[in-house]
Amino acid sequence: MAISPKLFSLLFLHLMLASSLPNIAEAYGLSSKFYRYTCPGLEYTVAKTVALYIQKQPTLAASLLRMHFHDCFVRGCDGSVLLNSTPNNQAEKDSIPNLTLRGYNVVDAVKAAVEKQCPGVVSCADILALVARDAVRMIGGPFWNVPTGRRDGTVSISREALINLPPPFANISSLKTSFLSLGLSVKDLVVLSGAHTIGVSKCSSFSNRLYNFTGIGDADPKLDKYYAVALKGKCKPNDQKSIVEMDPGSFKTFDGSYYTLVSKRRGLFQSDSALLDDPDTKAYVVLQAQTRGATFAVDFAESMISMGQIGVLTGNDGEIRRQCSVVN
């Protein structure tokens, strides 16, 4: 599969940015120059491999970004979401919130390409962080230097994903508690929620807002009534399979239109509409809606760097997995 001229140009720009941007964050033992001598071609290898998949299936970008989120929110950014279940343990990837994750094959392909170049050097946790960044960049999102040096965890427990991942029905109080407990700010919460500018969702993740919000067959009053009617046309009661765009008309492009939708009470999930229930998060939503996402790209890059530092394993902790789906 050849890389298209458009993606080749983007790949070249990507590499120029990687070499010219300052180190935005060097913390927790991570460094943007960690593999400078041990795997100098890492950035190119990752970007080239990701490009082969994204040009064929752009919707994978949302899935790969989501996978990085789900990894970091459980045990930190240690690649635990990539591990397979064993006869004696159900892993994170088989937990209910992770059953719709896609893109493991992309991570595996990148890992294989990197192993050929630098065997036993680059962790799966770092690869996932780089893959998510590159996938976002390739559909029009921002670029950010990814500080590396993470090592891979050896534990992955299904119930921990169920407990720690913010559900789509979360209210603003529980969302703030979740983010703050991981060292992320309220601004990070509203900025990272903007990832819903890309991707799709199954009707089952929000259908309660349409048909039985308080148990009496009603709709969520915080959901725009015209949007609710449109969603009912796509999602029938008890529909477990149909999917809808999270950012209608723009779900393949990374932009600030998500905030315009939320400001109009057209956020798909309760966790989206919850951003209007806090003065700080609401102010950010309104600002981005009024300015067409003027600062969103820069803010998103900064928040992704912060998120990528959650609970990282460095030094002699963890391991460098030979295969991302199994411990050594």
Participant: So which heavy atom on D239 is nearest to which on K234, and how close?
Facilitator: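 In this case the closest contact between D239 and K234 is OD2-O, 3.9 Å.
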Participant: Does S201 offer a backbone N or O that forms a donor-acceptor pair with the side chain of S205 under 3.5 Å?
Facilitator: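 Not confirmed, S205 side chain does not pair with S201 backbone.
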Participant: Could you walk me through whether I198 and Y258 pass the side-chain contact (heavy atoms from CB on, under 4.5 Å) check?
Facilitator: CA-CA 9 Å; I198 53 175; Y258 163 82; over 6 Å; no
Participant: Counting C-beta onward and ignoring hydrogens, is there a side-chain heavy-atom pair between P97 and L162 closer than 4.5 Å?
Facilitator: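 Of all side-chain heavy-atom pairs linking L162 with P97, at least one is under 4.5 Å.
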Participant: Return the CG to CZ distance between D224 and R266, rounded to the nearest 0.5 Å.
Facilitator: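 Answer rounded to 0.5 Å: 4.5 Å.
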Participant: Do the non-hydrogen side-chain atoms of S257 and T197 ever get within less than 4.5 Å of each other?
Facilitator: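 The answer is yes, as the side chains (C-beta and beyond) meet within the 4.5 Å cut-off.
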Participant: Supply the atom-to-atom distance E319 CD to S123 OG, rounded to the nearest 0.5 angstrom.
Facilitator: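 Reported to 0.5 Å precision, the distance equals 10.5 Å.
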Participant: Heavy-atom count around Q323 CD within 6.0 Å, excluding the residue itself: above 12?
Facilitator: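 Count not over threshold, so no.
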Participant: I would like to know whether M307 and E302 meet side-chain contact (heavy atoms from CB on, under 4.5 Å); could you show each step before the answer?
Facilitator: CA-CA 9 Å; M307 189 194 77; E302 293 178 352; over 6 Å; no
Participant: For N171 and S174, indicate whether the former's side chain and the latter's backbone hold a donor-acceptor pair under 3.5 Å.
Facilitator: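 Yes.
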Participant: Can you confirm whether the side chains of S80 and E92 place a donor and an acceptor under 3.5 Å from each other?
Facilitator: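 Per modelled atom types, S80 and E92 side chains form a pair under 3.5 Å.
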Participant: May I ask you to check whether T253 and D255 show a side-chain donor-acceptor distance below 3.5 Å?
Facilitator: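 Their side chains do not contain a donor-acceptor pair, so the 3.5 Å distance test is not met.
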Participant: Checking Y284 now: which residues fulfil ring-ring contact (aromatic ring centres under 6.0 Å, His included) with it, not counting sequence neighbours?
Facilitator: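 By the ring-ring contact (aromatic ring centres under 6.0 Å, His included) rule, Y284 matches Y259.
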Participant: Check whether R150 reaches the backbone of Q309 with its side chain - one donor and one acceptor, N or O, closer than 3.5 Å.
Facilitator: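 Flag not set: sc R150 to bb Q309 has no pair under 3.5 Å.
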Participant: May I ask you to check whether over 12 heavy atoms, not counting those of N238, lie within 6.0 Å of atom CG?
Facilitator: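 No, not enclosed.
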Participant: Quick one: does N212's side chain have a donor or acceptor within less than 3.5 Å of a partner on G217's backbone?
Facilitator: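 Yes, N212 side chain to G217 backbone: donor-acceptor pair under 3.5 Å.
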Participant: Assess whether a salt bridge exists between D317 and R151, defined as any Lys/Arg side-chain N lying under 4.0 Å from an Asp/Glu carboxylate O.
Facilitator: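 The answer is no: the pair does not qualify as a salt bridge.
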Participant: State plainly whether the residues K176 and D278 are in salt-bridge range, i.e. N to O under 4.0 Å.
Facilitator: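 Judged by the 4.0 Å cut-off on N to carboxylate O distance, K176 and D278 do form a salt bridge.
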Participant: With the side chain counted from C-beta on, respond yes when N105 and Y53 share a heavy-atom pair under 4.5 Å apart, and no when they do not.
Facilitator: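 A side-chain contact under 4.5 Å exists here.
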Participant: If you measure from the Lys or Arg side-chain nitrogens to the Asp or Glu carboxylate oxygens, is any gap between R133 and E43 under 4.0 Å?
Facilitator: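 Counted as a salt bridge, because a side-chain N and a carboxylate O are separated by less than 4.0 Å.
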Participant: If every non-hydrogen atom of A91 is compared with every non-hydrogen atom of S85, which pair is closest and at what distance?
Facilitator: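 Residues A91 and S85, closest heavy atoms: N-OG, 2.8 Å.
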Participant: So, taking the atom named CG in D108 and the one named CG in L82, what distance separates them when rounded to the nearest 0.5 Å?
Facilitator: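 Between D108 CG and L82 CG, I get 7.5 Å after rounding to 0.5 Å.
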Participant: Can you pull out every disulfide bond (SG atoms under 2.5 Å apart) where at least one residue sits in residues 289-328? Sequence neighbours excluded, please.
Facilitator: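 Of all non-adjacent pairs touching residues 289-328, those that pass disulfide bond (SG atoms under 2.5 Å apart) are C124-C324.
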Participant: Could you name each residue pair satisfying ring-ring contact (aromatic ring centres under 6.0 Å, His included) that touches residues 114-139, not counting sequence neighbours?
Facilitator: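 As it turns out, there is no ring-ring contact (aromatic ring centres under 6.0 Å, His included) pair with a partner in residues 114-139 once direct neighbours are skipped.
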Participant: Any chance the side chains of T148 and D126 put a donor and an acceptor closer than 3.5 Å?
Facilitator: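 No, no side-chain donor-acceptor pair sits under 3.5 Å.
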Participant: With rounding to the nearest 0.5 angstrom, report the OG1 to CG distance, T260 to D247.
Facilitator: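 Between atom OG1 of T260 and atom CG of D247 there are 8.5 Å.
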Participant: Check this for me: does any side-chain nitrogen of one of D277 and K282 sit under 4.0 Å from a carboxylate oxygen of the other?
Facilitator: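 No, this pair does not count.
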Participant: Please check this pair: side chain of E115 against backbone of G120, looking for a donor-acceptor N/O pair closer than 3.5 Å.
Facilitator: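 Checking the backbone N and O of G120 against the side chain of E115, a donor-acceptor pair under 3.5 Å is found.
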Participant: Give the other cluster members for V244, using side-chain heavy-atom distances under 4.5 Å between Ile, Leu, Val, Met, Phe, Trp and Tyr residues; answer none if it is isolated.
Facilitator: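 Its cluster mates, by chain and number, are F206, L210, Y211, L223, Y227, L231, M246, L268, F269.
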Participant: Would you say L101 and S63 make side-chain contact, with heavy atoms under 4.5 Å?
Facilitator: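 Contact flag for L101/S63 side chains = no.
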Participant: Who pairs with F179 by ring-ring contact (aromatic ring centres under 6.0 Å, His included), at least two apart in sequence or on another chain?
Facilitator: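 For F179 the ring-ring contact (aromatic ring centres under 6.0 Å, His included) partners, ignoring immediate neighbours, are F73.
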Participant: Run the side-chain contact (heavy atoms from CB on, under 4.5 Å) test on I320 and V121 for me, step by step, so that the C-alpha distance in whole Å, both residues' side-chain angles and the decisive distance to 0.1 Å come before the verdict.
Facilitator: CA-CA 7 Å; I320 304 298; V121 172; 5.9 Å; no
Participant: Apply side-chain hydrogen bond (donor to acceptor under 3.5 Å, both in side chains) to the pair T154 and R321, showing each step before the final yes or no.
Facilitator: CA-CA 9 Å; T154 58; R321 281 185 226 140; over 6 Å; no
Participant: Only counting residues at least two apart or in another chain, list the ones meeting ring-ring contact (aromatic ring centres under 6.0 Å, His included) with F69.
Facilitator: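 With sequence neighbours excluded, F69 shows a ring-ring contact (aromatic ring centres under 6.0 Å, His included) to no residue whatsoever.
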Participant: Checking D71 side chain against H68 main chain: does a donor-acceptor pair fall under 3.5 Å?
Facilitator: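 Here the side-chain-to-backbone pair does not exist.
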Participant: Between F169 and F213, is the gap from one ring center to the other below 6.0 Å?
Facilitator: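 No, too far apart.
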Participant: Does L83 belong to the same Ile/Leu/Val/Met/Phe/Trp/Tyr cluster as I127, with side-chain heavy atoms less than 4.5 Å apart forming each link?
Facilitator: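 No, separate clusters.
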Participant: Mind checking the OG-CZ spacing from S156 to R75? Nearest 0.5 Å is all I need.
Facilitator: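 Rounded to the nearest 0.5 Å, the OG-CZ separation comes to 8.0 Å.
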Participant: Of the non-hydrogen atoms in A125 and D78, which two are nearest, and what is the gap between them?
Facilitator: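 The pair with the smallest heavy-atom distance is CB-C, 3.7 Å.
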Participant: Rounded to the nearest 0.5 Å, how far does NZ of K202 lie from OG of S207?
Facilitator: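 So the OG of S207 and the NZ of K202 are separated by 12.0 Å.
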Participant: So, T291 side chain and A294 main chain: donor-acceptor pair closer than 3.5 Å or not?
Facilitator: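 Such a contact is found between T291 side chain and A294 backbone.
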Participant: Which heavy-atom pair separates T281 from L275 by the least distance, and what is that distance?
Facilitator: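 Heavy atoms of T281 and L275 come nearest at OG1-O, 2.7 Å.
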Participant: Measuring only between side-chain heavy atoms, which start at C-beta, is V146 closer than 4.5 Å to S32?
Facilitator: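 A side-chain contact under 4.5 Å is absent here.
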Participant: A quick test of your reading: do over 12 heavy atoms of other residues, nucleotides or ligands sit less than 6.0 Å from CZ of R322?
Facilitator: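 Result for CZ/R322: open.
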Participant: Looking at every non-hydrogen atom in both residues, tell me the closest pair between R102 and M67 and how far apart they are.
Facilitator: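 Of all heavy-atom pairs spanning R102 and M67, the closest is O-CE, 3.2 Å.
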Participant: Cut-off 3.5 Å, side chains only: do T86 and N89 have a donor facing an acceptor?
Facilitator: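 No pair is found: no donor N or O on one side chain lies under 3.5 Å from an acceptor on the other.
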Participant: Contact between L175 and S193 at the side-chain level, heavy atoms closer than 4.5 Å - yes or no?
Facilitator: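 No, too far: nothing below the 4.5 Å cut-off.
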Participant: Would you say that L184 contacts L189 through its side chain, given a criterion of any heavy-atom pair below 4.5 Å between the two side chains?
Facilitator: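 No, too far: nothing below the 4.5 Å cut-off.
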Participant: Are any side-chain N or O atoms of E245 and backbone N or O atoms of G249, one a donor and one an acceptor, separated by less than 3.5 Å?
Facilitator: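 Checked: pair present.
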Participant: Does some side-chain heavy atom of T45 sit less than 4.5 Å from a side-chain heavy atom of V110?
Facilitator: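 Side chain of V110 against side chain of T45, heavy atoms only: no contact under 4.5 Å found.
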Participant: For atom CG of L180, decide whether the heavy atoms of other residues, nucleotides or ligands shown that lie under 6.0 angstrom number more than 12.
Facilitator: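 Yes, because the 6.0 Å sphere around CG of L180 holds more than 12 heavy atoms from other groups.
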Participant: Does F34 belong to the same Ile/Leu/Val/Met/Phe/Trp/Tyr cluster as V114, with side-chain heavy atoms less than 4.5 Å apart forming each link?
Facilitator: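 F34 and V114: one cluster.
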Participant: When you measure from the side chain of S31 to the backbone N and O of K33, does any donor-acceptor pair fall under 3.5 Å?
Facilitator: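 Present.
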Participant: I need the minimum non-hydrogen distance between A61 and I54, along with the two atoms involved.
Facilitator: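 Closest approach of A61 to I54, heavy atoms only: N-CD1, 3.7 Å.
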Participant: Walk me through whether L165 and V74 qualify under side-chain contact (heavy atoms from CB on, under 4.5 Å).
Facilitator: CA-CA 7 Å; L165 291 172; V74 183; 4.0 Å; yes
Participant: Are any side-chain N or O atoms of K93 and backbone N or O atoms of S158, one a donor and one an acceptor, separated by less than 3.5 Å?
Facilitator: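 No, because the side chain of K93 does not come within donor-acceptor range (under 3.5 Å) of the backbone of S158.
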Participant: For the CG atom on N316, are there more than 12 heavy atoms of other groups (residues, nucleotides or ligands in this structure) within a distance under 6.0 Å?
Facilitator: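 No, because the 6.0 Å sphere around CG of N316 holds 12 heavy atoms or fewer from other groups.
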Participant: Testing the 3.5 Å rule here: is there a donor-acceptor pair between the side chains of T295 and Q288?
Facilitator: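 A pair is found: one side chain offers a donor N or O, the other an acceptor, under 3.5 Å apart.
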